[in-house]
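Written out below as structure tokens is the structure these notes cover.
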Amino acid sequence: MRFIIGKEMANILGVEDIPEIRNTSTEKGKGELSSPVGFMMARKLKKRPDEITKELAEALSSRSWAERIEHKGGFLNIYLSPFFLLQHLYGLSKGKYEEIAQFTPQYKKRIQVEYVSANPTGPLHVAHGRGAAVGSTLVNIFKHIGLDTTAEFYINDGGEQIKKFALSILERVKEIKGLPFDIESIDGGYKGEYLKDIAEKLLERHPNILDMPQSKALDTAAEFGIALMLQDQKEVLKTYKVEFDVWRSEKDIRREGWVEKTINLLKERGLTYESDGALWLKTTVFGDDKDRVLIKKNGEYTYFAVDVAYHFEKHSRGFDIVYDIWGSDHYGHIGRMKAAMKGLGLPDDFLQVIVIQIVRFLKDGEPIKMSKRAGTFTLLSELIDLVGVDAARFYFLMYSPDNSMDFDLDLAVKKSMDNPVYYVQYSYTRALSLKRKAEEASVTVPTLDEVKKALEMYTPSEEEKLLLINLADIRYQLMLSAKNLSPHYIVNYAKDLAGMLHSFYQSKRVLDAESDSARVFRMALIDRFVEVMGLLHDLMGIEKKEHM
RNA sequence: GCACCUGUAGCUCAACAGGUUAGAGCGCAGGCCUCCGGAGCCUGAGGUUGGGGGUUCGACUCCCCCCAGGUGCACCA
């Protein structure tokens, strides 16, 4: 809706750029929408700001969408026709998201979002919860506005960690068998209790595992443990409303020869050299602080080498933009990866890393120490059991990913009204309950024609218009989240809408309204609220509750 | 030391592409149900946007310099 108006302004002024239109509905005396178009265009058009806005106000005031237009210096303050807004909202379910998608840099690109990508050497940790919530919501938004998006999980089932994992499992098998065992001797070994479960199940399947040759035993343990952990991760993610289109295995990347292919290409480009028995990539040429090892002196590929190959493979699959969602602890990986992408001749905007800042979990007001090595970590599944999927997701989504956050477990456990997720869910339930009551009373949702007639008789109040204009802003809000790569815009938007619904609900009766026309208008408003708020629930991945 | 993130009301956070008087929630003070769900609503107090310069008609927003907190700087992943 903002775009429609912005485009009309641009047409009248004969300029290319669509002027900024702000939602000023909650501010007094600035209209419902407002644009600093006079200031923005003054230089270009060589006119005074107030001349421009005066001209626009005159030209636009006859438009059907305009109820009233004021010009104040360089600002144009617009009051919209309620019918126009409802008409817009009635057309919402039919899609037409193209016109907002084109304001995002991802428009008409093939995009991939890779996130979570946890090691399959253990269950998902609570810290995975934030990236999972952010990633899945971004993907939901991208897909909803029609961007060509693939959600991908990279299974790190190759490399050094897997060896340590397999060794650790075998030690636990020895333990169960009553044989001497020693986990401490494994450098970076896995000490979590869950390894005993894996070992037990492994013994059931392969009772003779310890009689196998060492390398076969390790392979068997690794394969078995990975399958089990992956299964566990998939189940938790499903509960957590996180879905992937593609699960890509590191082992397959290696097996398909992508690493050799990639390294050869880098060699051809003269970007590698040997030193200390290792093969190095000249990432410093592309702005990295130091060069990085591709092949260790023991002949194995580094994680970095495989990851570069994986991203080269992504490009070969035809993606234009790849978003990797990483925790801030992987920050050091970014510079070298971007340098490697440049070395491979990929476009500058191909790899974009969304860095999620750290989450601290507070218990009794104190941060909990969490470490995989020590085996004392808290699981994502435990967090879900504790606070529920809705609260967990909502809490993670509320904050900008740039912001480090504290997750107060005591507060979340309380399920008290401090928790904004209830406030938002309650608004949906309340509106839905009203629709249910209406249905019982045989009051139907009006057609657009009925709304039009009703609005000839009825003038909406402040609360009603506020809710209306903000509902109609849904697509702009989705565009903001998509463009700025953060779900927190739509979460705050949902909180605002919920407040407006409650405020409206408190001040006006719907079913026993003072007039037929008022009831028709309000029924339309409630119906559209359920539509928009329902969509927001779906995108955020929280439950739409019929009853609370 | 270098790089990145953060610093906004007592607390937790917003603020769109630089735009008109910096907004919410919690907490605090007061008020509101004969009534469609009070898990709600209304009113109020509360701010030198960490500090200092600069650019601009206009700066929380952009640039520079400081200060404070966090994270990262592996032939680990």
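Here is the naming used below: chain letters follow the sequence lines, and residue numbers restart at 1 for every chain. Note that the structure is a prediction, hence the values are computed from the model and not measured.
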Just to be sure I understand the rule, does [X] reach a base, reach only the sugar-phosphate, or reach nothing, if contact means heavy atoms closer than 4.0 Å?
X	result
A/Thr429	base
A/Glu70	nothing
A/Ile18	base
A/Lys297	base
A/Phe304	nothing
A/Ser328	sugar-phosphate
A/Leu434	base
A/Lys435	nothing
A/Asn77	base
A/His488	sugar-phosphate
A/Asp307	nothing
A/Asp408	nothing

Distance test, side-chain N/O of [X] to OP1/OP2 of [N], below 4.0 Å:
X	N	answer
A/Ser404	B/rU6	no
A/Tyr331	B/rG70	no
A/Ser427	B/rG40	no
A/Lys296	B/rA74	no
A/Lys290	B/rC73	no
A/Asn23	B/rA15	no
A/Tyr395	B/rC13	no

Item to check | Centroid under 5.5 Å and tilt under 30°, A/Tyr505 to B/rG40 | outcome: no
Next on the checklist: Checking A/Glu184 now: which residues fulfil salt bridge (Lys or Arg N to Asp or Glu O under 4.0 Å) with it, not counting sequence neighbours?
Outcome noted: A/Lys191
Item to check | Lys/Arg N to Asp/Glu carboxylate O, A/Glu114 vs A/Lys314, below 4.0 Å | outcome: yes
Checklist entry - Does the distance from a Lys or Arg side-chain N to an Asp or Glu carboxylate O, for A/Glu514 and A/Arg522, drop under 4.0 Å? => result yes
Side chain of [X] only, please: which of [options] is the nearest?
X	options	answer
A/Tyr303	B/rA77, B/rG40, B/rC16	B/rA77
A/Asn403	B/rC13, B/rC73, B/rU21	B/rC13
A/Pro36	B/rG19, B/rA77, B/rG37	B/rG19
A/Thr302	B/rC75, B/rU71, B/rC13	B/rC75
A/Glu160	B/rC42, B/rA77, B/rU21	B/rA77
A/Val293	B/rC57, B/rC75, B/rG40	B/rC75
A/His502	B/rC41, B/rC75, B/rC73	B/rC41
A/His547	B/rA17, B/rC41, B/rG37	B/rG37

Checklist entry - Between A/Ala278 and A/Arg22, which is nearer to the 5' end of RNA chain B once each is assigned its nearest nucleotide? => result A/Arg22
Checklist entry - Taking the nucleotide of RNA chain B with the closest heavy atom to each, which residue, A/Tyr399 or A/Arg2, is nearer the 5' end? => result A/Tyr399
Item to check | A/Leu501 vs A/Met533 side-chain heavy atoms within contact, under 4.5 Å | outcome: no
Counter-base of [N], judged by Watson-Crick or G-U geometry with both distances under 3.5 Å:
N	value
B/rG46	none
B/rA24	B/rU12
B/rC32	B/rG40
B/rG19	B/rC57
B/rG7	B/rC67
B/rC2	B/rG72

Item to check | Near-ring test A/Phe39/A/Phe75, centroid separation under 6.0 angstrom | outcome: yes
Could you measure between the two [atom1] atoms, the one in [N] and the one in [M], and give it in whole Å?
N	M	atom1	value
B/rA24	B/rC65	P	36 Å
B/rA9	B/rA45	C1'	11 Å
B/rC75	B/rA68	P	31 Å
B/rC60	B/rU48	C1'	13 Å

Checklist entry - Do A/Tyr331 and A/Gln357 have side-chain atoms, one donor and one acceptor, less than 3.5 Å apart? => result no
Rounded to the nearest angstrom, tell me the gap between atom [atom1] in [X] and atom [atom2] in [N].
X	N	atom1	atom2	value
A/Asn484	B/rA14	CG	C1'	13 Å
A/Arg360	B/rG70	CZ	C1'	9 Å
A/Asp289	B/rC4	CG	C1'	11 Å
A/Asp402	B/rG7	CG	P	9 Å
A/Asp288	B/rA74	CG	P	11 Å
A/Asp157	B/rA77	CG	C1'	13 Å
A/Leu485	B/rC16	CG	C1'	14 Å
A/Met41	B/rG19	CE	P	15 Å

Next on the checklist: Is it the case that atom CD in A/Glu439 sees more than 12 heavy atoms from other parts of the structure closer than 6.0 Å?
Outcome noted: no
Item to check | Residues A/Tyr426, A/Met548; criterion side-chain contact (heavy atoms from CB on, under 4.5 Å); working and verdict | outcome: CA-CA 7 Å; A/Tyr426 181 54; A/Met548 291 182 76; 3.9 Å; yes
Item to check | Cation-pi, A/Tyr476 ring and A/Arg2 (6.0 angstrom, 45 degrees) | outcome: yes
Next on the checklist: For A/Glu300 and A/Glu160: C-alpha separation, side-chain torsions, deciding distance, then whether side-chain contact (heavy atoms from CB on, under 4.5 Å) applies.
Outcome noted: CA-CA 9 Å; A/Glu300 287 175 4; A/Glu160 206 64 32; 3.1 Å; yes
Checklist entry - Side-chain donor or acceptor of A/Tyr476 under 3.5 Å from a matching atom on the base of B/rC16? => result yes
